[in-house]
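One structure is given here, and the rest of the page talks about it.
Scope of the values below: all heavy atoms of this structure, side chains included, with no hydrogens, waters or symmetry mates.
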Amino acid sequence: MDTKHQIIECPHCGHKMHIDLDYSNGDQDYFEDCTNCCNPIHLNLHINDLQHKLELNISSDDEQIY
Ligand SMILES: [Zn+2]
């Protein structure tokens, strides 16, 4: 299993925390609860095959529904 240790910053409170990204399954879209404020953090993991890079987008879960 391929994992990558990453530090992310909570979009709600700015708390930094460590997560382990599992990039063996390709692109992922999931939620992680902040250990500090307990709000859900939306993580979007995209694997760039061409450049062998991980792209991680972090956003809060307060996006509007149209
Ligand atoms: Zn937080």
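- Take Asp27 and apply the side-chain contact (heavy atoms from CB on, under 4.5 Å) test, not counting sequence neighbours, and it matches His46, Ile47.
- For the side-chain contact (heavy atoms from CB on, under 4.5 Å) test, residues two or more places apart in sequence or in another chain that qualify with Glu32 are Met17, Ile19, Tyr30, Leu43.
- Qualifying side chain to side chain donor-acceptor pair (under 3.5 Å) partners for Gln6, counting only residues two or more places apart in sequence or in other chains: none.
- Cys13 places a side-chain heavy atom less than 4.5 Å from the side chain of Cys34.
- In this structure, CG in Asn44 is found 4.5 Å from CG in Asp29, a value given to the nearest 0.5 Å.
- Screening residues 34-47 for salt bridge (charged side-chain N to carboxylate O under 4.0 Å, His left out) gives no qualifying pairs among residues at least two apart or on separate chains.
- Between Pro40 and Asp33 the shortest heavy-atom distance is CA-OD1, 3.7 Å.
- Judged as a salt bridge (charged side-chain N to carboxylate O under 4.0 Å, His left out), the pairs with a partner in residues 7-18 (not counting sequence neighbours) are, in order, Glu9-Lys16.
- Here the CG-CG distance, from Leu56 to Leu45, works out to 6.0 Å after rounding to the nearest 0.5 Å.
- Distance OG/Ser60 to NE2/His12: 5.0 Å, rounded to 0.5 Å.
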Test side-chain contact (heavy atoms from CB on, under 4.5 Å) applied to His42 and Ile58, step by step: CA-CA 6 Å; His42 187 190; Ile58 300 166; over 6 Å; no
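- In this structure, the ring-ring contact (aromatic ring centres under 6.0 Å, His included) partners of His18, at least two apart in sequence or on a different chain, are His5.
- Residues Lys4 and Leu54 have side chains in contact (heavy-atom distance under 4.5 Å, counting atoms from C-beta outward).
- Between Asn39 atom CG and Cys37 atom SG the span is 4.0 Å, to the nearest 0.5 Å.
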